[in-house]
2 protein chains.
Amino acid sequence: MDAYKYIKGAIIDGRFEPGMRLGEESLAKELNLSRTPVREAIKQLEADGLVVPLKRGVSVRNFTTEDIRQIYDLRTLLEGYAASQAAIYRTEEDLERMEIANLHYEKAIHKCKASDLASIKEIVDVNQQFHEVIVGAAKNAHIHFHLSKVVVVPIVYRSFYWYNQFQLQQSLEFHKIILQAIRHQEPERARIAMHEHIYQGRDHVLRHLENIKHNHPQEEEE
Amino acid sequence: MDAYKYIKGAIIDGRFEPGMRLGEESLAKELNLSRTPVREAIKQLEADGLVVPLKRGVSVRNFTTEDIRQIYDLRTLLEGYAASQAAIYRTEEDLERMEIANLHYEKAIHKCKASDLASIKEIVDVNQQFHEVIVGAAKNAHIHFHLSKVVVVPIVYRSFYWYNQFQLQQSLEFHKIILQAIRHQEPERARIAMHEHIYQGRDHVLRHLENIKHNHPQEEEE
DNA sequence: TACATATTTTTTGTATACAATAATCATGAG
DNA sequence: CTCATGATTATTGTATACAAAAAATATGTA
């Protein structure tokens, strides 16, 4: 599914702005495809909640701060639970994978002196990998499945640009706490640490959003 | 989306058995449609997790008891949280709706002397309505969205046929406890009651499955 | 007979065509 | 000038056609 990845990517990195209408024909032309595969991609994106159905066609979804708060609550609940379950069911292999992911994370953070696009993207990926391993270690395929579908809010993706070195280090420390709790089979501690970790991410995003709102009172686009 | 509802219905009530391959062309002929809308329906069902992709085409998913256990764990987590949030954020209108849904549930249970298809279907619907209202009262649209997508396992749907009058009454009692906890704004109590309620449902399904396994050692179909 | 390769058949993925419906624009009446 | 109604245009939903890939079958050889 190529059209899907293209459109999703364009939404996430902001080329398709919230509220923008997505016509099948124009997208098809842009992608040198026929409408058929574009249609399928759009249907998928609709199921993902990234686009919103209109009476005719769809438009890029606009996420409110309330949406972001709710999505983070959901993630906290699911990933917190996953962390606690991982503390119970993790294998030695799981622990090894977490260790590796965390080492990669550490390396990516320290490499990232300049806030260039590539190294930020790497941090996002490696961070995601760590969370992924934990969810995998929880041994609940259905929670894994749903977590993979928790809406990827574009603004959240881009929020990594706004971390400073201290915040990245803080984030790494929490990864270590979570990993230790899982290693020592302390489910409640793992859950709580994951909670706090994700809530810090949430607050970071919300603060960032507040700043934007204050500096650019309103720049809408239809 | 008519093809979607048709196929989903056929899977849920067992006309399309687990493992059965679903060809686009044959379904299109069965529905007097072209392949295009059938294709879209199948894509949807794939996103729902009701069919499983093969190298070519899809087949009806076969749920293991482990799947069912995991799905119920997920539901417990999400609906338990929803109940606790509902206890905080419920309006008077929410309470009224819960009351009404519960009254309907009570009526449906008592009407259901004979275990005929129609009255069972009504119980399923009204029960779902009660749960729906609670999730709505939690005021988190994203949790609502995900809960609506938690896999509808066919066997679970059909498990209502196997409730006896006592179990239905028990179920109603838990509805009442949950409702009271939400009314009195006791989040933790609401969460725990919802937990127990759903786990009882899970155990009912799993017991039912054990019986089937013992009585019909194995009747497979490809 | 058993296995490997070639050929046929089936089935999916994509493109295009057409019909139906919603949105837009234009025209005319009040 | 404004609103309503009708004509025009744009856009989606469905059907069909064709190409590409996979599965099934057949054929030949050891």
Side-chain angles (χ1 to χ4, degrees), chain A residues 1-12 14-63 145 148-149 151 154 220-222, chain B residues 1-12 14-63 145 148-149 151 154 220-222:
Chain A
M1 210 179 248
D2 211 13
Y4 173 76
K5 283 202 274 189
Y6 177 86
I7 301 170
K8 184 170 177 176
I11 292 174
I12 283 172
R15 252 191 61 238
F16 294 171
E17 296 186 31
M20 177 178 167
R21 196 158 172 291
L22 299 182
E24 297 177 2
E25 201 115 29
S26 59
L27 281 172
K29 207 165 65 181
E30 190 170 336
L31 285 156
N32 286 101
L33 282 169
S34 77
R35 274 178 50 215
T36 315
V38 171
R39 254 183 97 70
E40 279 190 1
I42 288 175
K43 281 273 169 193
Q44 270 290 338
L45 292 164
E46 205 179 314
D48 292 349
L50 271 177
V51 301
V52 135
L54 268 29
K55 254 188 279 190
R56 165 148 291 200
V58 300
S59 70
V60 178
R61 177 158 179 186
N62 183 25
F63 290 96
F145 177 78
S148 77
K149 292 213 180 292
V151 177
E220 292 294 309
E221 173 148 336
E222 198 257 339
Chain B
M1 208 181 246
D2 210 9
Y4 174 77
K5 283 203 275 188
Y6 177 85
I7 301 170
K8 184 170 178 177
I11 292 173
I12 283 172
R15 252 190 62 236
F16 294 169
E17 296 186 32
M20 177 177 168
R21 197 159 171 291
L22 298 182
E24 297 177 3
E25 200 115 30
S26 59
L27 280 172
K29 208 166 64 181
E30 189 170 335
L31 286 156
N32 284 100
L33 283 168
S34 78
R35 274 177 50 216
T36 314
V38 172
R39 254 183 97 70
E40 280 191 359
I42 288 174
K43 281 274 170 193
Q44 271 289 341
L45 291 164
E46 207 179 313
D48 292 349
L50 271 177
V51 302
V52 136
L54 269 28
K55 255 187 280 192
R56 162 148 294 201
V58 300
S59 69
V60 177
R61 177 159 179 185
N62 183 25
F63 289 96
F145 177 77
S148 78
K149 290 210 179 295
V151 176
E220 292 293 310
E221 171 145 339
E222 196 260 338

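So that the names make sense, note that chain A is the first sequence line, chain B the second, and so on, each numbered from 1. Any value given below was found using the heavy atoms of this structure, including those in side chains, with hydrogens, waters and symmetry copies removed.
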Between A:R35 and B:R35, which residue's closest nucleotide on DNA chain C lies nearer the 5′ terminus? B:R35
Close side-chain approach of A:I42 to A:L27, heavy-atom, < 4.5 Å: yes
How close do A:E17 and A:V60 get, counting heavy atoms only, and between which atoms? O-CB, 3.4 Å
Give a yes/no answer on whether the side chain of A:R39 brings an N or O atom under 4.0 Å of OP1 or OP2 in D:dT12. no
So, for B:R61 and B:V52, which heavy atoms are closest and what is the spacing to 0.1 Å? CD-CG2, 4.0 Å
Under-3.5 Å N/O pairs linking protein and nucleotides 23-25 of chain D:
none

Between B:G19 and B:S59, which heavy-atom pair has the shortest distance, and what is it? O-CB, 3.6 Å
How many angstroms lie between atom NZ of B:K5 and atom CD1 of B:I12, to the nearest 0.5 angstrom? 12.5 Å
Atom CZ in A:R15, atom OH in A:Y6: separation rounded to 0.5 Å? 3.5 Å
Looking only at heavy atoms, the pair that brings A:V58 and A:E46 closest together is CG1-OE1, 3.9 Å
Heavy-atom pair of closest approach, residues B:V38 and B:A28: CG2-CA, 3.7 Å
Nucleotide interval of DNA chain C bounded by contacts with chain A (heavy-atom cut-off, under 4.0 Å): C:dT14 to C:dA23
Base, sugar-phosphate, or nothing: which does A:E25 touch, judged by heavy atoms less than 4.0 Å apart? base
Between atom CG in A:L27 and atom C1' in D:dA10, what is the gap in whole Å? 15 Å
